[in-house]
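These notes concern the structure reproduced below.
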Number of protein chains: 2
Amino acid sequence: MKRVTIYDVANEANVSLATVSRVINGLEIVREDTRIKVQEAIEKLGYKPNAVAQGLALQKTTTIALVVPEASFNVTGQIINGLLDVAKIYKYSIVLHTTTEGILEINETIENIIKSRVDGVIIYNDKLLYDELSELKRYQYPIVLIGNKMSDDSIASVFVDIEKASYDIARAYLDANKNNIAIIEDRKNPFAISQMVKGVERAFEEANKNSFTFVKIPSNYRSSYEFLKGYFKDHRHDLILTHRDSQALATINAASENNVLVPQECEVICMIDTKYNSMVRPQLSSIVIPSYDLGAVAMRIMTKLLHNEALSEKEIELSYVFNRRQSSLINL
Amino acid sequence: MKRVTIYDVANEANVSLATVSRVINGLEIVREDTRIKVQEAIEKLGYKPNAVAQGLALQKTTTIALVVPEASFNVTGQIINGLLDVAKIYKYSIVLHTTTEGILEINETIENIIKSRVDGVIIYNDKLLYDELSELKRYQYPIVLIGNKMSDDSIASVFVDIEKASYDIARAYLDANKNNIAIIEDRKNPFAISQMVKGVERAFEEANKNSFTFVKIPSNYRSSYEFLKGYFKDHRHDLILTHRDSQALATINAASENNVLVPQECEVICMIDTKYNSMVRPQLSSIVIPSYDLGAVAMRIMTKLLHNEALSEKEIELSYVFNRRQSSLINL
DNA sequence: AATAGAACCGAAAGCGCTTTAATTGATAAT
DNA sequence: ATTATCAATTAAAGCGCTTTCGGTTCTATT
């Protein structure tokens, strides 16, 4: 099937390409009757503008690149949903990139992004990637960060203040004199974990108490579950804080294996809320981070950046809610 | 920062653009010393080819469109991961589209896909979308379907035979004289559910038994949980089959609320395996569908389609495994 | 009826690349 | 030394669109 071009439409309607271009873009003045003539030609031929050619002529692609760690996590999915929904409104396309750890692969990703001449890039990644960012910044790409704010506030970002969330929780528990708090720690989410630690630390300092516990676990469910089964044989805590829901589940299951009752003997709270949190028993208490909104707001900011709308602030903090369910006892 | 074009490189290296083009594409003959000269110029200027211009000149974009229902499901995430991994190998980009129910929105999606001049489209969607497909086919897009095969085998597809899986399960239970089987049914996954029903039906026919039960539930967790709590007050089944893990969890939780023991008094099996299946208690028995592979294979097929490699068969069936965990008793 | 000004439209250049056909330069054959 | 041959390179056209700059046609005014 021969692709129909703007040229064919112009022929069919007996006008020049310039005119056809004007009616498809709809901005400039075209007389009503010629507009109709052109519309009809478009309809008749089934003409659809070639976005690639438009991209070349306009020097923009109405496409933005989204970089995420892995698509399989619930949060990532929600972020993508939010992002896509507002992208749709503003008629942007999203090309998806995943980054694994290797610096080589990251470079390749960046390279591809640059080649593809997207209009901007949105990054959701728990690791600090300052170097890669600077490469992107050299090319003056509009960038929006999801989840972690940069110390360098030249980059727009949307995030939730995990530090504060952890502080609030720790504070509440210390106030109730439940001082034996542990943080589950893996190496996969260094930024998030470091924020959690900071928050808890601050609470301990203010309460003039010291020493909470770090529990380093392997980075997948199965082995961390096994590890924790052993751990609980000779350790007890009032509260265990985890980052991900899977870690909380490993904790709860391991505890139960050791006849440690959750929440009566040990409370568990995680920092991520997925739909599974209320499907499991005991239902998981957690900080509810508005993942969908993170994505949606990030994309909205991107459109502002691209259309030169004013940004009231570069760093947007979304608020969280603490959702106490069955795995913990204290309300905030 | 002024974007550096192939022209700048040509100037810098004192050759024509044609030569530069040849060295970046690496196929045609260029004398060693001029190749090096050009490479150096590229390096020095930091030149990165403009994929948009290439796309226009070559009439292909090395981009393929992926259409999914929603990104937030675990399966979808896995599919995306598989797809991206092989896309990376073959240097394709993926632009992501979600389709909600509305036909209008679907049309808009198709429209956007066509405008964007992607090289092909991969669709994962439980609803039959024959009409939209035919529109896509008019434009001769290479299409790969994930999950559901078309009666019309002109379209390539990768799928798992859910009908057979359900048949196998029903068969095993009928053989054990556990005849009281129910299928949980929602309206969100018509295709998958219809396959399940067919399989169970076939098993009943062969066993010369009749009547299994349909339990129609609302389409979200919360209300189906509430509904099932009521349902269990005056209904009992030997086996309950659900499509999604969330439905199985709703079933188990509702049963437990009514003091129905799973699996002793009622067994539960679902057709989708997510990492949560082994994190919850009782651990969920399920058909393990290789979601990651579905995505990976689909993308691989797409590359074959695009490079005119021979396809041994248009419809590729991946095999599943039954993973008995704690929510059911019979092995297959 | 003549004309200024506005409204509308077309020609052509340009976006950054690929690729074919033509040209150059070098080498081998006569 | 001259020509035929071949490898390496270039010039230029084309991919499908946007947009500036002029030109043409209307409309309104006197």
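The structure presented is a predicted model; accordingly, all values stated were derived computationally and were not measured. Just the heavy atoms: all of them, side chains too, but no hydrogens, waters or symmetry mates, feed the values below. Reminder, nothing fancy here: chain letters follow the sequence lines and each chain counts from 1.
The shortest distance between the side-chain N/O atoms of B/Y7 and the OP1/OP2 oxygens of C/dT18 is not below 4.0 Å. Of the side-chain N and O atoms in B/T19, none sit less than 4.0 angstrom from OP1 or OP2 of D/dA8. Between C/dG16 and B/Q54, no contact under 4.0 Å exists linking OP1 or OP2 to a side-chain N or O. Residue B/T34 places at least one side-chain N or O closer than 4.0 Å to OP1 or OP2 of D/dT9. Here B/R31 reaches the OP1 or OP2 of D/dT9: one of its side-chain N or O atoms lies under 4.0 Å away.
Among the atoms of the strands shown, only primed sugar atoms or phosphate atoms (P, OP1, OP2) are found under 4.0 Å from some heavy atom of A/V15. Using a 4.0 Å heavy-atom distance criterion, B/V52 is classed as making no nucleic acid contact.
A/P142 and A/D119 get closest at one heavy-atom pair: CD-O, 3.2 Å. Heavy atoms only, all atoms of each residue included: A/I123 and A/I143 are closest at CD1-CG2, 4.5 Å.
For A/N11, the side chain to side chain donor-acceptor pair (under 3.5 Å) test picks out no residue, with sequence neighbours left out. Under the rule for a side chain to side chain contact (heavy atoms under 4.5 Å, CB included), the partners of B/S16 that lie at least two apart in sequence or sit in another chain are B/A18, B/T19. When the side chain to side chain contact (heavy atoms under 4.5 Å, CB included) test is applied to A/K115, the partners found at least two apart in sequence or on another chain are A/E111, B/K48, B/P49.
No donor-acceptor pair closer than 3.5 Å links the side chain of B/S219 to the backbone N or O of B/K188. Distance alone, capped at 3.5 Å, places no donor-acceptor pair between the A/S21 side chain and the A/L17 backbone.
As rounded to whole Å, 14 Å separates atom P of D/dA8 from atom NZ of B/K37. Residue B/D8 contributes atom CG, which lies 10 Å from atom C1' of C/dG16 at whole-angstrom precision. Between the CZ atom of A/R117 and the P atom of C/dC17 there is a distance of 7 Å, given to the nearest Å. Atom CZ of B/R35 and atom P of D/dA7 are 19 Å apart (whole Å). Going from atom CG of A/D33 over to atom P of D/dT25 covers 15 Å, rounded to whole Å. At whole-Å resolution of the value, CD in A/E32 and C1' in D/dT27 are 18 Å apart. Distance, B/I6 CD1 to D/dT9 C1': 14 Å, rounded to whole Å.
Side chains of B/R3 and A/Y139: no donor on one and acceptor on the other come within 3.5 Å.
Comparing the start and finish of the helix from C/dA1-D/dT30 to C/dT30-D/dA1, five pairs each, the helix axis swings through 50°, to the nearest 10 degrees.
Of the candidates C/dC9, C/dT19, D/dT18, C/dT19 carries the atom nearest the B/S21 side chain, counting heavy atoms from C-beta on.
B/R35 and B/E32 are joined by a salt bridge, as a carboxylate oxygen and a charged side-chain nitrogen come within less than 4.0 angstrom of each other.
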Where do N or O atoms of nucleotides 22-25 of chain C meet protein N or O atoms at under 3.5 Å, pair by pair?
none

Enumerate the protein-to-nucleotides 11-15 of chain C contacts in which both atoms are nitrogen or oxygen and the separation is below 3.5 Å.
{"unit_1": "C/dC15", "atom_1": "O3'", "unit_2": "A/Q59", "atom_2": "NE2", "d": "3.4"}
{"unit_1": "C/dC15", "atom_1": "O2", "unit_2": "A/A57", "atom_2": "N", "d": "3.4"}

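B/I80 places a side-chain heavy atom less than 4.5 Å from the side chain of A/L96. Taking the side chain as every heavy atom from C-beta outward, A/D85 and A/M299 never approach each other to under 4.5 Å.
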Exercise. Step by step, would you call A/N50 with A/T5 a side-chain contact (heavy atoms from CB on, under 4.5 Å)?
Worked result: CA-CA 8 Å; A/N50 181 330; A/T5 74; over 6 Å; no
